[in-house]
Amino acid sequence: MTDRQNTEKLFSVDNLKEVDIELLDPTLRWWMSEQGQVREEEVRGTKERMRVSLGDAHDDVYIVAREQAGGPPAGVMGFGSLDARFSPYRSSASAKAAGLLTAFISPDYRGQGLGRVLITEVFHKARTSGCTEVIWSSNPRYRKTAWRFYTAMAGDQFGTIDNFFFPGSLSPVWRKSL
Ligand SMILES: CC(C)(COP(=O)(O)OP(=O)(O)OC[C@H]1O[C@@H](n2cnc3c(N)ncnc32)[C@H](O)[C@@H]1OP(=O)(O)O)[C@@H](O)C(=O)NCCC(=O)NCCS
């Protein structure tokens with residue numbers, strides 16, 4: 001049995017729960033920082049979006065992976081409405097595209113196949129909710145920590161997008177057909 005098959009057996013994946021949001025705080029703060037400074041506004045905004053997703057009127061779905069069923073989350077990913085700036089990247093005007101949200105694995109659990117497990121489940125859930133593709137980009141701050149992962153999961157970048165994360169930013173766009 002490979003390590004990845006082991007990982008799929010060892011980790012359980014289910015929907016985000018309210019209690020998970022604060023448990024994910026250290027992971028969010030770890031990754032949402034630049035030059036040692038936590039981007040507090042980004043952390044707050046992400047947690048707020050997660051909270052809203054748990055209410056009745058929402059489009060976003062977040063899933064978490066846990067080492068033990070019912071235990072603390074080791075990583076989180078989600079999908080939701082496509083940001084309008086990605087509309088031109090759809091495969092056709094009739095494509096029902098979702099955006100990828102918040103892909104963060106706790107530093108203790110990176111590189112064990114968990115990202116693959118979560119993104120595969122995101123694609124599966126997006127497909128079963130009627131989406132035909134997922135489109136996303138990634139902040140240049142994650143160039144070394146995520147861009148090759150996305151290419152491994154979705155193929156070469158489909159294009160690039162300017163000014164998405166901050167004025168002057170240039171980042172890849174990936175598109176995964178479901
Ligand atoms: C990006 C991230 C979600 C990937 O999750 P992960 O559990 O570490 O990735 P996996 O172990 O499932 O890797 C799956 C595949 O991608 C490859 N991969 C993952 N990260 C990689 C990296 N930084 N460079 C090169 N390849 C990478 C793995 O080698 C593996 O390939 P294989 O199946 O051929 O062996 C995770 O590393 C993470 O949280 N990174 C830091 C935060 C971040 O950058 N988030 C993205 C914000 S947009």
Side-chain angles (χ1 to χ4, degrees), residues 1-14 16 20-21 23-47 49-50 60-68 71-83 85-86 89 97-126 134-166 169-176:
M1 186 183 281
T2 66
D3 289 340
R4 174 142 300 111
Q5 282 167 322
N6 263 325
T7 301
E8 287 178 24
K9 289 238 179 305
L10 287 170
F11 287 91
S12 76
V13 174
D14 61 355
L16 177 84
D20 294 324
I21 298 174
L23 293 172
L24 284 164
D25 183 73
T27 298
L28 298 179
R29 298 175 74 78
W30 179 270
W31 294 120
M32 292 181 159
S33 62
E34 274 172 17
Q35 288 149 6
Q37 290 289 307
V38 176
R39 306 301 298 251
E40 300 287 352
E41 210 171 300
E42 272 184 57
V43 172
R44 260 198 309 277
T46 299
K47 285 158 66 173
R49 188 164 181 173
M50 286 179 178
D60 299 340
V61 175
Y62 288 94
I63 56 172
V64 297
R66 308 172 199 278
E67 194 166 16
Q68 293 165 343
V76 60
M77 278 191 207
F79 68 96
S81 313
L82 188 72
D83 186 299
R85 291 171 288 174
F86 285 123
Y89 297 86
L100 184 71
L101 305 172
T102 311
F104 293 120
I105 307 293
S106 156
D108 297 339
Y109 289 100
R110 285 181 75 208
Q112 300 179 38
L114 204 48
R116 179 188 287 274
V117 169
L118 280 173
I119 204 167
T120 302
E121 185 63 12
V122 160
F123 294 153
H124 173 72
K125 280 186 180 288
V134 181
I135 298 172
W136 71 96
S137 187
S138 170
N139 193 308
R141 105 171 48 118
Y142 304 120
R143 180 189 305 272
K144 292 215 171 80
T145 55
W147 289 12
R148 285 169 62 194
F149 165 76
Y150 289 139
T151 297
M153 298 300 105
D156 287 337
Q157 64 189 63
F158 175 72
T160 55
I161 188 164
D162 296 327
N163 307 313
F164 187 80
F165 293 99
F166 52 85
S169 73
L170 177 67
S171 52
V173 176
W174 292 271
R175 188 173 77 199
K176 174 72 177 174

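When a ligand or atom number is given, it counts from 1 through the structure's own listing order.
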May I ask you to check whether [X] has an N/O atom sitting below 3.5 Å from an N/O atom of ligand 1?
X      : value
Ala152 : no
Arg110 : yes
Arg116 : yes
Thr145 : yes
Ala103 : yes
Gly111 : yes
Tyr109 : no

Under 4.0 Å, heavy-atom basis, I'd like to know which part of [X] is in contact with ligand 1: side chain, backbone, both or neither.
X      : value
Phe104 : both
Met153 : side chain
Trp147 : neither

Heavy-atom nearest neighbour of [atom] within options [options]:
atom                    : options                       : result
atom 17 (C) of ligand 1 : Trp31, Trp136, Phe149         : Phe149
atom 24 (N) of ligand 1 : Arg148, Arg143, Met77         : Arg148
atom 11 (O) of ligand 1 : Ser138, Gly113, Gly115, Gly75 : Gly113
atom 22 (C) of ligand 1 : Lys144, Gln112, Met32         : Lys144

Check step by step if salt bridge (Lys or Arg N to Asp or Glu O under 4.0 Å) holds for Arg116 and Glu121.
CA-CA 8 Å; Arg116 179 188 287 274; Glu121 185 63 12; over 6 Å; no
Cation over ring, Arg175 on Tyr89, under 6.0 Å and within 45°?
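Ring-cation test returns no.
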Where do Leu23 and Val64 land on the side-chain contact (heavy atoms from CB on, under 4.5 Å) test, with the steps shown first?
CA-CA 11 Å; Leu23 293 172; Val64 297; over 6 Å; no
Under 4.0 Å from a heavy atom of Leu114: which atoms of ligand 1 are those, numbered in the order shown and with their elements?
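What qualifies from ligand 1 is 7 (O), 12 (O).
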At a 4.0 Å threshold, what atoms of ligand 1 neighbour a non-hydrogen atom of Tyr142?
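That gives atoms 43 (C), 44 (O), 47 (C), 48 (S) of ligand 1.
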Under 30°, 30 to 60°, or over 60°: which ring-plane class applies to Trp136 and Tyr150, parallel, tilted or perpendicular?
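Rings of Trp136 and Tyr150: perpendicular, as their planes differ by over 60°.
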Check whether Ser171 reaches the backbone of Pro140 with its side chain - one donor and one acceptor, N or O, closer than 3.5 Å.
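No; zero donor-acceptor contacts below 3.5 Å.
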Quick check on Glu34: does its CD atom have over 12 non-hydrogen neighbours (other residues, nucleotides or ligands) under 6.0 Å away?
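More than 12 within 6.0 Å, yes.
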Quick one: do Phe79 and Phe123 satisfy ring-ring contact (aromatic ring centres under 6.0 Å, His included)? Show the steps, please.
CA-CA 9 Å; Phe79 68 96; Phe123 294 153; 9.6 Å; no
If you take the centroid of each ring, where Trp contributes its six-membered ring, are Phe104 and Tyr142 closer together than 6.0 Å?
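Yes, the ring centres sit under 6.0 Å apart.
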No-hydrogen, no-angle side-chain donor-acceptor test under 3.5 Å, Ser137 and Trp174
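Absent: no donor and acceptor within the cut-off.
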Suppose we screen for ring-ring contact (aromatic ring centres under 6.0 Å, His included). Which residues come up paired with Tyr62, at least two apart in sequence or across chains?
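ring-ring contact (aromatic ring centres under 6.0 Å, His included) check on Tyr62 returns nothing, list empty.
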Candidate list Ile63, Val61, Leu24, test side-chain contact (heavy atoms from CB on, under 4.5 Å), partner Leu16, passing option:
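Single side-chain contact (heavy atoms from CB on, under 4.5 Å) partner of Leu16 among Ile63, Val61, Leu24: Leu24.
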Does Arg141 have a heavy atom less than 4.0 Å from any atom of ligand 1?
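Under 4.0 Å: no for Arg141.
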